[in-house]
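Have a look at the structure below before the remarks.
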Amino acid sequence: MKDFDQFEFTESGKEKVKEIISFYPEGRQQSAVIPLLDLAQNESEGWLPMAAIEHVADLLGMAQIRVLEVASFYSMFNLKPVGKYFVQLCRTTPCWLRGSESLKETAEDITGCKPGETSSDGLFTLIEVECLGACCNAPMVQINNDYYEDLTQESFREVLELLKRGEKPSPGSVVGRKGSEPVNGRSVLSTDKG
Amino acid sequence: MPKITIDDLDMEVPEGITVLQACELAGKEIPRFCYHERLSIAGNCRMCLVEVSPGPPKPAASCALPVGDGMNIKTNSDMVKKARNGVMEFLLINHPLDCPICDQGGECDLQDQAMAYGQDHSRFQENKRAVKEKHMGPLIKTIMTRCIHCTRCVRFATEIAGVPEIGMLGRGEHAEITTYLEKSLNSELSANVIDLCPVGALTSKPYAFVSRPWELKKTESIDVFDALGSAIRVDSRQTEVLRVLPRLNEDINEEWITDKSRFAVDGLSRQRLDRPYLRFDGKLRESSWTEAFDCIQSRLRTTDGDRIAAVTGNQCDAEAMIALKDLMTNLGSNNIDCRQDGAKLSSECRSSYLFNTTISNIELSDAVLLVGTNPRMEAPLINTRLRKGWMNDTLKVAALGPDIDLTFPVDHYGNDPRTLQSISEGLEPFSHILSKAERPAIILGMGALTRSDGPAILHLARNIAEEYGLIKDDWNGFNVLHTAAARVAGMDMNFLPSNGGLDLEGILSGAKAGTIDVVYLLGADEIEMSRLGDAFVIYQGHHGDAGANRADVILPGAAFTEKNCTYVNTEGRVQLARQATQPPGEAKEDWKIIRALSDSLRRSLSFTTLGDVRARLVEENSLFDNVGDILPSSWVPFGSYGEILDEEFKCPISNYYMTCPISRASQTMAECSKEFSSQSSEENFADA
């Protein structure tokens, strides 16, 4: 188990930190707070321990409470530990019309926990979220940093089972469509112009 | 200057002000919660909506809208009324209706504005949210369900107090104000958030459920816990001072006061000396005024004047001091000293012991050198002025002395007093900053002046002042920061040894050696009592502290809230403190005690009324006649050349919360010092 009382970026993370901070003009380094928190969350098993918040505050010369304000304002930052797979179920209208409710049932069934909870084996944390911006491929869920789209109860079950077995399902549309092209293949721009 | 119209009134207003400020200039009342003159603009309560044209056809938040030429502003149109009404309805959605059990009741902005601008009923049927209480230390009680998220406390802590520890976590309905990890707010000014809070979310913990505002007698007075003389209002009920609030005084405290000024007053009802005491066989026994006076008289009758001495304390009023000075003169003693900390100040040049720049002007300075002082402990409100200068990016501060956290960056030049010499010789980087500065200043603390090389440091500081242009026609950058409210008055009336009289050091060593037989301590508790040897000690004061512990006779006096008296602050401003309550038991006003004693000693003083005493003060020094003003003082050479010792400066205050008999008797201050004790180790003279 990682020690969450201490936090330091990994070597590659430190490089990234420098790069991110360099995006902002001198004296405006505090603007890097959100990308740095995101980086820290990725390096800290998907959540932000206080040590990470304080580390980011020190890096940017900000008061700790200011960084905590930012971290607590944005719902994408987790201030409590999450499972190995952080499953965000989209429940906004397009996904809902296309059956997100049934995906929720599947997720609850396989993980044994309800939205907002973490499964007893520590593998999954379920959460319901609002639109993640992939409505064309509804219904969809986000697991850690990947989108899984065009899901049905069966295909979603398979995704979760794979994850449970420690394998990695390929992200994107599970029916194999590219991006948000029509399901039946392209219908326009099918020939090269000129 | 933009020409605007406010409610059909044409007017011209200064460039760059906001619509809200313009409306105030026009005499219009604009309700507000989040806007505060001394804080940055947040614009989040939306209570200050007005109608502005030209512009979008919707109400605009006047606090965050700059005035523009040709604006037509309506503060009372139907649109505005409806908008305010709606905002108020939203604010009240999650505000509990617990006014009857809320300490803010009767002095609550939300209550008042709901009356004036709200509806008479609620349409809200749903559940209200509830928020857990947050810990903010021993002074601030929180009932966060009442919070309307104006963020005044957040901005105060960040901007004025300089401790960015309060913040708003979460968002929307889940937003909560809290301190980081619910730690106590580590500031000497923390309790000002209680005044700033427009609702009952942050209230005074020691004053919780004590009283309603309309039950209190309000007395406008002066604070004596530091040498600033902040304007305060003493709220009392019958014999007890229940709380102290700040009054507005732009020249001194603006609208803030320190936590000690606000909360040490519970010490006024503890450990009081409420009757005379006499020591028999090493034990103090209750006695009467006649007995006490007889005892003093029989002792003094057989004592020569030059074997008698008097020392005054940090909170003595000018009236008592002049009375004691005259009594000592009548007794033939010149052994008097008002510098119980041994500060090497002399009264020859008034500028040499004043904060000449004045408190309000120090924020205009562009380079300040602190010598042996920690203004955050010694005068937190001067520290906020320095901080303001730093916030405006106009002031650079350097410190020579202990490494201190002033809540803003300070160039620290170590703690070798001899560095002052090299600054004076232009060898340090700050020398250049000083020489280039237009309004440079130096602040000498008691940590630099109570040392044996005090006169040499004073001399060196004067050199710096003269060499680096600190003294100009319209600017005097030489400042002495006192820690004692009584000190400047004492210096002004020359409560100092004269004609070969002994100073504090002489009195103490004399007492030890047996050449001083009687020592009169007027509220002096911070001297080393063990050095008084076998001297007969008369202690006159209000608290059973170190002095009373050592005394052979105790004469019970009045505390600063129990007498009409005069103080002179560190700038040299004469101010009057007013009586709020009666002294307890048989205790009396101090000058009256000395007057009565003079009769029983058959050395009657010349005055019988307070008016007479004040006339006597004016006779001694005419500046006592100018209440509220600072008189210009001349600049003549002072200090004496000498060697600077290789000995570090020490701050005179090690525990901010316990510096005087009142604060040492205060339970609230005891809790504070326990809470913050990790930062300081108390040097309590009461145990000495």
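Order of the sequence lines fixes the chain letters, A, B, ..., with proteins taken first and strands second; residue numbering starts at 1 for each chain. Computed from a predicted structure; not experimentally measured.
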Would you find more than 12 non-hydrogen atoms of other residues, nucleotides or ligands less than 6.0 Å from B:N392 atom CG? yes
In terms of heavy-atom contacts, does NZ of B:K436 have more than 12 from other residues, nucleotides or ligands at under 6.0 Å? no
Atom NZ of residue position B:K205 - does it have more than 12 heavy atoms of other residues, nucleotides or ligands inside 6.0 Å? yes
Residue among B:A175, B:G170, B:G172 with most heavy-atom pairs under 4.5 Å to chain A: B:G170
If you draw a 6.0 Å radius around CZ in B:F124, do more than 12 non-hydrogen atoms from other residues or ligands fall strictly inside? yes
Would the number of heavy atoms belonging to other residues, nucleotides or ligands and lying under 6.0 Å from CD of B:E438 be above 12? no
Below 4.5 Å from any heavy atom of chain A, which atoms of B:L181 appear? Answer side chain, backbone, both or neither. side chain
Note each donor-acceptor pair with a separation under 3.5 Å, taking one atom from chain B and one from chain A.
{"residue": "B:T158", "atom": "OG1", "partner": "A:R66", "partner atom": "NH1", "Å": "3.2"}
{"residue": "B:I166", "atom": "O", "partner": "A:R66", "partner atom": "NH2", "Å": "2.8"}
{"residue": "B:M168", "atom": "N", "partner": "A:E69", "partner atom": "OE2", "Å": "2.6"}
{"residue": "B:G170", "atom": "N", "partner": "A:S72", "partner atom": "OG", "Å": "2.8"}
{"residue": "B:R171", "atom": "NE", "partner": "A:F73", "partner atom": "O", "Å": "3.4"}
{"residue": "B:R171", "atom": "NH1", "partner": "A:F73", "partner atom": "O", "Å": "3.2"}
{"residue": "B:Y180", "atom": "OH", "partner": "A:E54", "partner atom": "OE2", "Å": "2.7"}

